[in-house]
Amino acid sequence: MKRDTQLMRAGRPHHGTRPVNVPVDRASTILAGTARELYNRPDGTPLYGRFGTESQNALRSALCEMQRADYCALTPSGLSAMTLTAIAEVSAGGHVLASDSLYGPTRMFLTDTVARWGVEVEFYDPRAGAGISTQIKANTQLVLCESPGSLTFEVQDIPAISKAAARTGARIMVDDTWSAGLNANMLDLGADYAAQSLTKYVGGHSDVIMGAVLAQGEAAKRLKQAEWRMGLYVSPDDAFLALRGLRTLELRMEKSARNSLEIARRLADHPAVASIIHPARDDHPDHALYLRDFTAPAGVFSVEFAGWDIARSERFLDALGIFGLGFSWGGFESLAVHCDPQLRRHFRTAHDGALIRLAIGLENVEDLWNDLEQAISASA
Ligand SMILES: *Cc1c(COP(=O)(O)O)cnc(C)c1O
């Protein structure tokens with residue numbers, strides 16, 4: 001079966017009289033038919049609502065099928081998907097390496113919380129590739145990667161990092177939100193954990209907060225145990241919405257990506273622009289890695305405007321009419337934010353000017369372009 005067919009079929013039954021979609025199945029208590037069944041449920045029947053009902057299991061199995069994973073933990077947010085992998089892998093006396101391009105709140109979990117457990121937290125240059133081996137120690141337990149990185153979109157050489165980590169038995173987690181698990185398979189590239197914010201493209205409609213972590217083999221067992229021990233839970237209503245989002249994921253990502261590349265192309269020719277940071281463009285420094293590991297891009301990228309300060313960026317954002325000002329991306333609607341990627345980083349990025357991150361939605365590309373063009377002029 002081809003991938004688009006698979007996306008329409010994953011996570012739902014194909015035989016018998018039934019609704020097309022797995023219904024929202026709300027439960028805390030799930031009654032047993034007999035005393036024996038209290039602890040020994042018939043195959044596939046959940047024991048208790050916290051472990052999920054048919055609604056959560058349908059989403060889990062669809063995501064596992066997409067990425068050929070053995071287990072999918074569903075988490076109350078994308079952030080908790082990232083933090084769950086640290087809980088599954090890290091212990092006192094250990095060492096954790098994290099990409100300098102990691103999503104800000106994930107970094108803060110490491111430096112504020114994991115560090116308190118007696119774990120050494122260190123950052124590495126997202127472009128280190130195989131060079132990361134100089135920072136991997138005998139007690140390195142987990143390497144947290146994100147590809148491409150938040151705000152600055154460095155693509156990481158996951159196979160090289162995975163090989164370097166394997167030499168001492170360190171596990172690697174990749175924040176895979178940009179590919180949505182659709183346009184790349186981080187597990188195939190060597191990640192032990194592929195984690196993503198389903199809030200972004202999978203949810204796709206700016207009305208669900210959720211995350212997922214996928215793993216195979218032994219890592220899948222540790223992941224499931226950590227999820228259960230933590231008591232993590234997502235509602236069946238939200239699982240239903242995320243699974244609904246999955247059906248149109250490819251279509252939405254395609255248009256969002258096409259729109260973004262067209263907007264990026266026009267911005268690149270605009271005199272106000274210093275550079276475009278979009279991994280699917282051949283002027284991106286990691287374009288070759290992108291071509292090797294991804295089949296298509298997401299529609300979010302950053303723009304560096306020539307000599308803009310924060311005040312100019314703010315005037316630009318305030319002049320936008322169609323773009324909303326807000327965090328997140330992967331929804332149907334276009335969004336813009338300004339960001340200073342230098343703020344919390346250890347390694348210098350190549351960008352000194354103010355960056356604007358654009359999340360391109362499903363609107364008509366001419367309307368989006370006109371909005372950006374008028375806002376650049378109006379902010380002068
Ligand atoms: C948004 C985002 C997260 C966090 O996801 P939430 O669902 O908002 O908690 C993590 N990583 C990346 C790369 C993100 O863009």
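Computed from a prediction, not measured in an experiment: that's the story for all the values here. In this chain, residues are counted from 1 in sequence order. One-based numbering, in listed order, for ligands and for the atoms of each.
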Contact table, ligand 1 N/O with protein N/O, distance under 3.5 Å:
unit_1	atom_1	unit_2	atom_2	d
ligand 1	5 (O)	Ser197	OG	3.0
ligand 1	7 (O)	Gly78	N	2.8
ligand 1	7 (O)	Ser197	OG	2.9
ligand 1	7 (O)	Thr199	OG1	2.5
ligand 1	9 (O)	Gly78	N	3.0
ligand 1	9 (O)	Leu79	N	2.8
ligand 1	11 (N)	Asp175	OD2	2.6
ligand 1	15 (O)	Lys200	NZ	2.6
ligand 1	15 (O)	Trp329	NE1	3.2

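Side-chain contact annotation: Glu227 with Tyr71, donor-acceptor N/O pair under 3.5 Å present. Looking at Gln156 and Glu146, their side chains never bring a donor and an acceptor atom within 3.5 Å of each other. Side-chain contact of Ser179 with Tyr201: a donor-acceptor pair under 3.5 Å is absent, judged by distance alone.
Taking both residues in full, the closest heavy atoms of Ile356 and Ser313 are given as CD1-CB, 3.9 Å, listed atom of the first, atom of the second, then distance.
Salt bridge annotation for Glu218-Lys221: present, with a cationic side-chain nitrogen under 4.0 angstrom from a carboxylate oxygen. Between Arg107 and Asp100 a salt bridge is recorded (basic side-chain N to carboxylate O distance below 4.0 Å).
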